[in-house]
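Scroll down for the structure; my scribbles are underneath it.
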2 protein chains.
Amino acid sequence: MAKQVVPEGARRRRRPTQGGTVLSEEHFVRAALRVLREHGSTGLTARRLGTALGADPSTLYRYFAGMDDLTRAIGDELMGRALDGWEATGDWRVDLRALGLAIHASYLAHPQAAVLTASRVSGRPREIAVDETVLGILRGTGLADPEAVRTYHAFIDQSLAFAALDAGSLALTDQARAEDEAMWQSTYARLPAASHPHIAATAGHLARRMPHSAYPAVLEMLLEHTAARLEHPRERPSAASSPAEPGASFTRRR
Amino acid sequence: MAKQVVPEGARRRRRPTQGGTVLSEEHFVRAALRVLREHGSTGLTARRLGTALGADPSTLYRYFAGMDDLTRAIGDELMGRALDGWEATGDWRVDLRALGLAIHASYLAHPQAAVLTASRVSGRPREIAVDETVLGILRGTGLADPEAVRTYHAFIDQSLAFAALDAGSLALTDQARAEDEAMWQSTYARLPAASHPHIAATAGHLARRMPHSAYPAVLEMLLEHTAARLEHPRERPSAASSPAEPGASFTRRR
DNA sequence: GGGTTAAGGTCAATGGCGTTGGCATAAGGC
DNA sequence: GCCTTATGCCAACGCCATTGACCTTAACCC
């Protein structure tokens, strides 16, 4: 049993749980975000989800094919919230910057959920909507399609990759964070200048800079690079398109 | 019991397991890489590790504080291998490019292990060695310390973030990969031009570009940006240093 | 509004997991 | 060759995801 999952649109009978609530995919996703925030990125379990919803853990399987399926739904929710909190102005650079920061912020608003989902492609509607939007902005600049696609690729992967990385730091439990910071104090800050001259010389700058995300900086690099391509389409061939570029040929499945 | 872990350097008595092998941290890390490759990024368990080493699962706790501690050791191993396969030429741009690609390649050589470790800071010696090396290259260009640290930050986070993201695609099991590709076919490729004109118009380019990593392209952007800063230190203030830059202020713990 | 049907909630069970306390034993210092 | 203790092994605990069987009741038809 419990093998067939009825898609959300086709649901009709809504039977309340023992606790009295009427379930839905939406309920599960929202409960999952709460559980994740409370119990950490590894603390999302069917049992806890059941408790949070006042339902039996196995009820999950009436709505999702498994924990993995639920995970993808959570990712799509975060992506959708990013797009909801964004509006087009018509200026490609402003729009792309705002959208990138919105994606990054949306994931970081739920760090534990972000860790779980940011490196996965859901293929769900709200993720596709973001892809369509980014491609639209880039093609609207007048970039040729191959160039627009290359830039889209760099933009979306960079946004998700940094969302995942930065979320990892925020998602640490208090205890793990204490250990992390203790490690920083006990190792990096104490390295002798003799063996590690460069770290020792910049320890102050490192301590100030490292607790922040590098995403805004690299996003600006991408925008600058794209702007330069628009101004001088031929003079500065894109790094991504240079056939001499090393290491570009290995395959990623996605 | 099993609470005190003797550090590797202090070990003296080496008692063989029932299988006859003599254990060490190194043995555990290598066995973990094998288990991960064979059973996927979620397939690393104490029991399997025991089987792989011909030892009891609980033996792990004589060498590591827990699975988490082992995970950090695995990450440090990957970082160390990256540095081992790299040599300085004295040309900062060549060296930084080679080191970035070496880190990326080292993680992608063990995708399942990379998924587990790439977004974590180990604080172990070989990771610190990479940090020292990168800072040395950048300070050697003549960049001022704050600028060198900013660039180091962007470089190392970008490298790790893309390592994690790209590894995620490579680490999928055959079945999960089949599902992923089926999804690509069943959704993106079939989106009607009416609702998703930009995806529809670029479907061919997307299919060609997306299976590759965007890391080499964004690495070139960073190198280009840094070169421009060296040529015109005042004319083009770094995006990362611009006080007007939006969204740069939220905190990451690291 | 009564009958039928199956969606969807619950229960119990399975086999896996990390981790720990107690115990046995062999390595190494003397 | 004795003593200490590091280190390996065993059994057990309380979690976990997932499933098959059961049962309740909402929704639809007339």
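Residue numbering restarts at 1 for every chain, and letters A, B, ... go by the order of the sequence lines. The model shown is predicted, which means the values in this text are computed figures rather than measured ones.
Judged purely by distance below 3.5 Å, without hydrogens or angles, the side chains of Thr202(A) and His205(A) never pair a donor atom with an acceptor atom. Asp69(B) and Tyr63(B) are not linked by any side-chain donor-acceptor pair at a separation below 3.5 angstrom, with hydrogens and angles left out of the test.
The side chain of Met67(B) lies closest to dG18(C), out of dG21(C), dT18(D), dG18(C). Listed candidates were dT18(D), dT20(C), dT10(C). Nearest to the side chain of Asp56(A) is dT10(C).
Counting all heavy atoms, side chain and backbone alike, Leu78(A) lies closest to Ser106(A) at O-OG, 2.6 Å.
Here the P atom of nucleotide dT7(D) and the CG atom of Leu53(B) are 16 Å apart, to the nearest Å. Between Asp69(B) atom CG and dT19(C) atom C1' the separation is 14 Å, expressed in whole Å. Counting to the nearest Å, the P atom of dC17(C) and the CG atom of Leu70(B) are 15 Å from each other. In this entry the distance linking CG of Leu116(A) with P of dA17(D) reads 12 Å, nearest Å. For the pair Arg62(B) CZ and dT25(C) P, the interatomic distance rounds to 15 Å; values are reported in whole Å. The separation between Tyr61(B) atom OH and dC17(C) atom C1' is 10 Å, rounded to whole Å. Rounded to whole Å, atom P of dT18(D) lies 18 Å from atom OH of Tyr63(A). Spacing between atom CG of Leu60(A) and atom P of dC16(D) amounts to 14 Å, rounded to whole angstrom units.
Residues in residues 44-57 of chain A take part in these side chain to side chain donor-acceptor pair (under 3.5 Å) pairs, two or more places apart or across chains: Asp56(A)-Ser58(A).
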Quiz prompt | Pair Glu38(A)-Arg34(A), salt bridge (charged side-chain N to carboxylate O under 4.0 Å, His left out): steps then yes or no | solution = CA-CA 6 Å; Glu38(A) 191 166 349; Arg34(A) 284 202 308 274; over 6 Å; no
Quiz item: Stepwise, does the salt bridge (charged side-chain N to carboxylate O under 4.0 Å, His left out) test hold for Asp68(B) with Arg120(B)?
Solution: CA-CA 10 Å; Asp68(B) 205 74; Arg120(B) 319 244 354 217; 3.1 Å; yes
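Residue-to-nucleotide contacts include no donor-acceptor pair under 3.5 Å from the side chain of Thr59(B) to the base of dC9(D).
DNA chain C is contacted by Leu44(B), Thr45(B), Ala46(B), Arg47(B) of residues 41-50 of chain B, taking any non-hydrogen atom closer than 4.0 Å.
Between atom OH of residue Tyr215(A) and atom CG of residue Leu219(A) there is a gap of 4.5 Å, rounded to the nearest 0.5 Å.
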